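These numbers come from a predicted model, not from an experiment. Positions are given from 1 along the sequence.
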Amino acid sequence: ILKNFSQPIGMDELLRANPMSRRSMERRFRRVFGCTVAESIRQQRINRARLLLASTDEPITLISEKCGFSSYNYMSRVFNEVLGMSPREFRNRGRA
């Protein structure tokens with residue numbers, strides 16, 4: 001997940017790399033990491049986006065692509081859910 005979070009990745013890809021039942025993978029993952037696979041992927045994408053928003057002037061739409069979000073709108077929705085602000089607001093606050 002850490003290496004491939006910017007790619008389309010999900011449980012199917014993890015199961016191909018680690019052959020076991022889906023339920024076993026879900027249980028083990030939650031026990032070890034304290035979250036679901038989807039939550040972990042989303043958090044890695046958010047962390048990378050936050051870093052790029054704070055340290056570059058790249059367009060936000062490009063950052064959303066680089067971080068594996070399917071669209072800017074989806075990244076914006078995730079940011080609002082997790083951080084309570086849009087990517088643009090995050091960038092502006094970091095520069096203020």
**OP:** Report yes if the side chains of Ser76 and Phe69 come closer than 4.5 Å at any heavy-atom pair, otherwise no.
**Re:** no
Subject >> pair Arg50-Leu83: side-chain heavy atoms closer than 4.5 Å >> reply: yes
Subject >> Stepwise side chain to side chain contact (heavy atoms under 4.5 Å, CB included) check, Leu62 with Glu65 >> reply: CA-CA 5 Å; Leu62 180 60; Glu65 289 175 22; 4.3 Å; yes
Original post:
To the nearest 0.5 Å, what is the distance between SG (Cys35) and CZ (Phe29)?
Top reply: 5.0 Å
Subject >> Atom pair NZ/CZ of Lys66 and Arg48 - distance to nearest 0.5 Å >> reply: 7.5 Å
**OP:** Supply the atom-to-atom distance Ile41 CD1 to Ile46 CD1, rounded to the nearest 0.5 angstrom.
**Re:** 12.0 Å
Original post:
Are side-chain heavy atoms of Met20 and Arg28 found at a separation under 4.5 Å?
Top reply: yes
Original post:
Does Arg91 reach the main-chain N or O of Thr56 with its side chain, forming a donor-acceptor pair under 3.5 Å?
Top reply: yes
Original post:
Any sub-3.5 Å donor-acceptor pair from Ser55's side-chain atoms to Leu51's backbone N or O?
Top reply: yes
Subject >> Shortest non-hydrogen contact from Leu15 toward Ser21 >> reply: CD2-O, 3.9 Å
**OP:** Could you point out which residue of Arg30, Arg23, Met25 forms a side-chain contact (heavy atoms from CB on, under 4.5 Å) with Arg27?
**Re:** Arg23
Original post:
Nearest 0.5 Å, what's the CG-CD1 distance between Leu53 and Ile63?
Top reply: 4.0 Å
**OP:** Please check if the side chain of Gln43 supplies one atom and the backbone of Ser40 the other of a donor-acceptor pair under 3.5 Å.
**Re:** no
Subject >> Interatomic distance, Ser64 atom OG to Leu52 atom CG [nearest 0.5 angstrom] >> reply: 10.5 Å
Original post:
Can we say Arg42 and Glu39 salt-bridge, meaning some charged N sits less than 4.0 Å from an Asp/Glu carboxylate O?
Top reply: no
Original post:
Do Phe79 and Val82 share a hydrophobic cluster (ILVMFWY, side-chain heavy atoms under 4.5 Å, transitive)?
Top reply: yes
Subject >> OG-CE distance between Ser86 and Met75, expressed to the nearest 0.5 angstrom >> reply: 9.0 Å
Original post:
Would you call Arg77 and Asn80 a side-chain contact if the rule is heavy atoms closer than 4.5 Å?
Top reply: no
**OP:** Check whether any side-chain heavy atom of Asp12 lies under 4.5 Å from a side-chain heavy atom of Arg22, and answer yes or no.
**Re:** yes
